[in-house]
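Keep in mind the model is a prediction, meaning the values are calculated, not measured.
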Amino acid sequence: MGQRPRVIVVMPAYNAARTLERTYRDLPKEVVDQVILVDDVSQDETVEIARRLGLTVVVHLQNRGYGGNQKTCYLEALKAGADIVVMLHPDYQYDLRLVPQLLQPILEGRADMVLGSRFLGGSPRAGGMPLYKYLANRCLTFIENLAFGLRLSE
């Protein structure tokens with residue numbers, strides 16, 4: 001029997017102090033080997049809270065934006081020996097109890113990548129998604145689905 005793949009959760013963070021601890025607390029630790037938070041020059045206590053929680057913390061010296069933050073997240077996860085990388089926003093808009101279910105198709109070799117959705121089986125607004133983000137997401141998803149003939153949830 002082979003060794004369990006190394007699962008690393010990465011969190012691209014910017015001003016996530018208000019929700020970071022709750023997000024981390026609800027993360028199913030039994031399936032996660034390490035959590036790496038990449039801070040994009042937050043103006044709040046994100047870094048201090050992450051360190052207090054025992055997360056591996058990488059701090060950008062200059063804001064690199066969401067895409068740049070993601071790149072750092074993936075590079076750091078690979079440097080740490082990740083077999084599977086789970087990107088999770090520390091804003092508590094996803095149901096973290098579903099992480100083991102999202103990993104299952106990868107662990108079984110049925111998928112190379114799995115995407116979560118805040119819209120399937122729940123209400124992203126109840127999870128804290130601001131109204132403007134909700135409306136923008138709905139509109140852009142509708143246009144993408146129409147243009148590309150897809151059925152994406154977000």
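Taking both residues in full, the closest heavy atoms of Gly65 and Asp40 are given as N-OD2, 2.9 Å, listed atom of the first, atom of the second, then distance. Residues Glu144 and Leu152 come closest through the heavy atom pair OE1-CD1, 4.2 Å. Residue Ile8 comes nearest to Ala80 through the heavy atom pair CD1-CB, 3.5 Å, listed as atom of the first residue, atom of the second, then distance. Residues Ala17 and Asp44 share a closest heavy-atom pair of N-OD2, 3.1 Å. In this structure, Pro100 and Pro28 approach most closely via the heavy-atom pair CD-CG, 3.7 Å. For the pair Gln43 and Asn15, the tightest heavy-atom approach, listed with the atom from each and the gap, is N-OD1, 2.5 Å.
In the hydrophobic clustering of ILVMFWY residues, with side-chain heavy atoms under 4.5 Å counting as a link, Leu55 and Ile49 come out together. Note: the hydrophobic cluster containing Leu53 also contains Val99 (ILVMFWY, side chain heavy atoms under 4.5 Å, direct or indirect links). Connection of Val10 to Leu103 is not established within any shared hydrophobic cluster, with ILVMFWY side chains joined at heavy-atom distances below 4.5 Å, either directly or through further cluster members.
When the shell of 6.0 Å around CD of Glu30 is examined, it contains more than 12 heavy atoms from other residues, nucleotides or ligands. Remark: Lys71 NZ is loosely packed, at most 12 non-hydrogen atoms of other residues, nucleotides or ligands lying under 6.0 Å away.
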What do the steps show when you test Val35 against Met11 for side-chain contact (heavy atoms from CB on, under 4.5 Å), and what is the final call? CA-CA 8 Å; Val35 178; Met11 293 184 178; 4.1 Å; yes
Criterion side-chain contact (heavy atoms from CB on, under 4.5 Å) on Val32 and Leu27, from CA distance to verdict: CA-CA 8 Å; Val32 175; Leu27 185 65; 4.2 Å; yes
side-chain contact (heavy atoms from CB on, under 4.5 Å) for Val57 and Val47? Distances and angles first, verdict last. CA-CA 7 Å; Val57 179; Val47 171; 4.1 Å; yes
For Glu48 and Arg51, run salt bridge (Lys or Arg N to Asp or Glu O under 4.0 Å): C-alpha distance rounded to whole Å, both residues' side-chain angles, the deciding distance at 0.1 Å, then the answer. CA-CA 5 Å; Glu48 292 79 10; Arg51 288 185 173 140; over 6 Å; no
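For the pairing with Arg4, the side chain to side chain contact (heavy atoms under 4.5 Å, CB included) check across Asp33, Leu107, Ile84 returns one residue only, Asp33.
Looking at heavy atoms from C-beta onward, Val9 lies in side-chain contact with Leu88 at the 4.5 angstrom threshold.
Aromatic rings of His60 and Tyr14 (six-membered ring for Trp) have centroids beyond the 6.0 Å cut-off, not under it.
A donor-acceptor contact shorter than 3.5 Å is absent between the side chain of Asp39 and the backbone of Val59.
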